[in-house]
Chemist: 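Handing you this structure, nothing more for now.
On a predicted model such as this, the values are computed, not experimentally measured, just so you know.
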Amino acid sequence: MALSSGPDETPLDPPHSTALARRADGLDTAFGRADIADRLAGLVAQAVGPVVFTTSFGLEDQVLTHLIASAKLPVTFATLDTGRLFPEVYALWQETEERYGILIRSYYPRHEAVELYVRRNGVNGFYGSREARKSCCDIRKVEPLGRALAGADLWLTGLRADQSAARGGVRLAEADAGRGLVKASPLFDWTRERALAFAQRNAVPINPLHARGFVSIGCQPCTRAIRAGEPERAGRWWWEDDAARECGLHVGPDGRLVRSKPPLREAPPAEALA
């Protein structure tokens with residue numbers, strides 16, 4: 001039996017949700033065409049509360065870490081330690097903190113939920129069914145993310161639109177009404193090649209697994225190297241017949257990637273219609 005401990009998200013009431021969508025739309029307009037340094041600085045400057053950047057130490061996250069730390073932006077670094085990460089990730093975590101002189105806050109799954117999940121499903125029970133895998137992701141990722149983002153106004157992520165077909169519509173800024181914040185992806189319009197070139201040019205520390213075909217890296221039991229011609233995220237949960245390849249961090253209750261709805265437009269004054 002699968003077990004899920006992820007809390008249900010309660011969407012904001014319509015006025016607040018609309019205000020978030022308007023903010024996201026305004027950030028898109030203001031910074032969507034800016035260079036990456038101005039884009040990041042502008043997003044952070046427009047925040048009306050804490051800014052949190054969640055990193056899993058992938059290529060894009062390392063590029064953003066370099067940019068944020070180099071500019072000394074007031075951003076909190078956070079990561080989700082699922083307990084099933086590659087050894088190379090932990091080594092890169094330490095190297096990154098030492099290189100940039102930063103502290104990356106770690107958030108762990110609730111031990112009671114993990115213990116109960118393993119008791120009911122087995123230590124590798126996520127291979128048994130999609131329900132069991134999503135339940136494991138809920139416990140190890142989604143619930144800790146909620147704690148990492150508690151009180152945040154702006155959530156920075158390393159999403160890119162060309163990472164997968166499911167992420168093709170990713171924008172610079174989107175309203176996350178369920179969490180009551182704006183979610184921004186400063187590298188949304190970058191390619192992987194551009195990110196890699198930036199990392200190499202600036203000596204950004206990256207995971208050595210990338211050179212071995214591990215393009216998108218998650219938990220060790222759930223990640224494999226991709227084969228020639230496969231999309232970037234094909235190595236994630238490869239045993240499932242699901243092209244989306246998502247764990248739940250960036251999706252809504254319906255299982256689809258969260259998207260901003262266009263802000264409602266106010267009706268023009270009556271005299272304008274005369």
Side-chain angles (χ1 to χ4, degrees), residues 9 12 16-80 96 100-105 107 145-163 167-192 194-199 201-202 204 249-252 257-263:
E9 292 180 349
L12 297 180
H16 289 149
S17 180
T18 300
L20 272 182
R22 284 195 174 120
R23 280 187 60 199
D25 190 60
L27 291 170
D28 269 328
T29 300
F31 306 113
R33 295 181 180 275
D35 65 38
I36 187 60
D38 289 342
R39 182 180 287 178
L40 265 173
L43 288 168
V44 173
Q46 291 295 314
V48 296
V51 181
V52 176
F53 168 49
T54 52
T55 175
S56 60
F57 305 99
L59 172 61
E60 296 79 13
D61 293 335
Q62 289 299 97
V63 167
L64 286 175
T65 294
H66 175 90
L67 290 162
I68 293 167
S70 298
K72 296 182 169 54
L73 297 176
V75 173
T76 296
F77 294 88
T79 193
L80 311 177
T96 302
Y100 296 107
I102 59 175
L103 173 66
I104 301 171
R105 296 184 181 180
Y107 292 84
L145 176 67
R147 286 183 273 123
L149 295 177
D153 175 68
L154 179 66
W155 173 22
L156 298 177
T157 81
L159 295 181
R160 298 189 347 265
D162 71 344
Q163 285 173 325
R167 295 184 176 185
V170 168
R171 300 166 57 200
L172 171 61
E174 301 176 273
D176 189 331
R179 297 184 175 96
L181 50 72
V182 173
K183 175 173 138 184
S185 305
L187 302 182
F188 79 103
D189 55 354
W190 281 38
T191 63
R192 182 174 183 84
R194 183 178 178 184
L196 182 58
F198 180 95
R201 188 166 60 250
N202 293 278
V204 176
L249 296 183
H250 302 287
V251 299
L257 262 70
V258 174
R259 290 281 178 269
S260 293
K261 293 182 179 178

Chemist: Check for a donor-acceptor pair, side chain of Asp153 on one end and backbone N or O of Pro50 on the other, with a separation under 3.5 Å.
Modeler: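 It does not hold such a pair.
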Chemist: If only atom types and distance count, is the side chain of Arg160 paired as donor or acceptor with the main-chain N or O of Leu187 below 3.5 Å?
Modeler: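 No; zero donor-acceptor contacts below 3.5 Å.
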Chemist: Evaluate the side-chain proximity of Glu60 to Trp190: yes if any heavy-atom separation is below 4.5 Å, no if none is.
Modeler: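 No, side chains not in contact.
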Chemist: Taking all non-hydrogen atoms of both residues into account, name the closest pair between Val63 and Val204 and its distance.
Modeler: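 That closest heavy-atom pairing would be N-CG1, 4.3 Å.
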Chemist: Between Arg39 and Asp189, does at least one N-O distance fall below 4.0 Å, as a salt bridge requires?
Modeler: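 Answer for the salt bridge query: yes.
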Chemist: Run the side-chain contact (heavy atoms from CB on, under 4.5 Å) test on Thr65 and Phe57 for me, step by step, so that the C-alpha distance in whole Å, both residues' side-chain angles and the decisive distance to 0.1 Å come before the verdict.
Modeler: CA-CA 9 Å; Thr65 294; Phe57 305 99; over 6 Å; no
Chemist: Looking only at non-hydrogen atoms, find the nearest pair between Val52 and Val75 and report the distance.
Modeler: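 The answer is C-CG1, 4.4 Å.
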Chemist: For the residue pair Ala148 and Ala78, what are the closest heavy atoms and their distance?
Modeler: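 The pair with the smallest heavy-atom distance is CB-CB, 4.4 Å.
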Chemist: Do the side chain of Asp38 and the main chain of Ala34 share a donor and acceptor less than 3.5 angstrom apart?
Modeler: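 Flag not set: sc Asp38 to bb Ala34 has no pair under 3.5 Å.
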Chemist: For the atom pair OG1 (Thr55) and CG (Leu156), what is the distance rounded to the nearest 0.5 Å?
Modeler: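 CG of Leu156 is found 11.5 Å from OG1 of Thr55.
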Chemist: Give me the atom names and distance for the closest heavy-atom approach of Ala184 to Leu154.
Modeler: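 It is CB-CD1, 4.0 Å.
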Chemist: Could you go step by step and tell me if Val51 and Thr76 meet the side-chain contact (heavy atoms from CB on, under 4.5 Å) rule?
Modeler: CA-CA 6 Å; Val51 181; Thr76 296; over 6 Å; no
Chemist: Given side chains that start at C-beta, do those of Pro186 and Leu64 come closer than 4.5 Å, heavy atoms only?
Modeler: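 Yes; the side chains approach each other to less than 4.5 Å.
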Chemist: Counting C-beta onward and ignoring hydrogens, is there a side-chain heavy-atom pair between Asp176 and Leu149 closer than 4.5 Å?
Modeler: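 No - every pair of side-chain heavy atoms lies 4.5 Å or more apart.
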Chemist: State, to 0.1 Å, how close Thr54 and Asp61 come at their nearest heavy-atom pair, and which atoms those are.
Modeler: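 Minimum heavy-atom contact is O-OD1, 4.1 Å.
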Chemist: Evaluate the salt bridge (charged side-chain N to carboxylate O under 4.0 Å, His left out) criterion for residues Arg22 and Asp25: first the C-alpha distance (whole Å), next the side-chain angles of each, then the deciding distance (0.1 Å), finally the verdict.
Modeler: CA-CA 5 Å; Arg22 284 195 174 120; Asp25 190 60; over 6 Å; no
Chemist: Below 4.5 Å, heavy atoms only, C-beta onward: do Leu59 and Phe198 meet side chain to side chain?
Modeler: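 No, every pair of side-chain atoms sits at 4.5 Å or beyond.
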Chemist: Using every non-hydrogen atom in the two residues, find where Leu103 and Phe77 come nearest and quote the distance to one decimal.
Modeler: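 Scanning both residues, the minimum pair turns out to be O-CB, 3.8 Å.
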Chemist: Go through the steps to decide whether Val182 and Glu174 satisfy the test side-chain contact (heavy atoms from CB on, under 4.5 Å), and finish with yes or no.
Modeler: CA-CA 6 Å; Val182 173; Glu174 301 176 273; over 6 Å; no
Chemist: Could you list the residues that satisfy salt bridge (Lys or Arg N to Asp or Glu O under 4.0 Å) with Arg105, not counting sequence neighbours?
Modeler: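 Checked Arg105 against salt bridge (Lys or Arg N to Asp or Glu O under 4.0 Å); zero matches.
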Chemist: Let me check something: any side-chain donor-acceptor pairs from residues 66-74 under 3.5 Å, sequence neighbours excluded? List them with distances.
Modeler:
from	atom 1	to	atom 2	distance (Å)
His66	ND1	Tyr100	OH	2.9
Ser70	OG	His66	O	2.6

Chemist: Under a 3.5 Å threshold, yes or no: a donor from one side chain and an acceptor from the other, between Ser185 and Thr157?
Modeler: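 Per modelled atom types, Ser185 and Thr157 side chains form a pair under 3.5 Å.
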Chemist: Considering only heavy atoms from C-beta outward, does the side chain of Thr79 approach that of Tyr107 to under 4.5 Å?
Modeler: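 No. Closest side-chain heavy atoms not under 4.5 Å.
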Chemist: Okay, side chain of Asp28, backbone of Ala173: is any donor-acceptor separation there less than 3.5 Å?
Modeler: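 Answer holds: yes.
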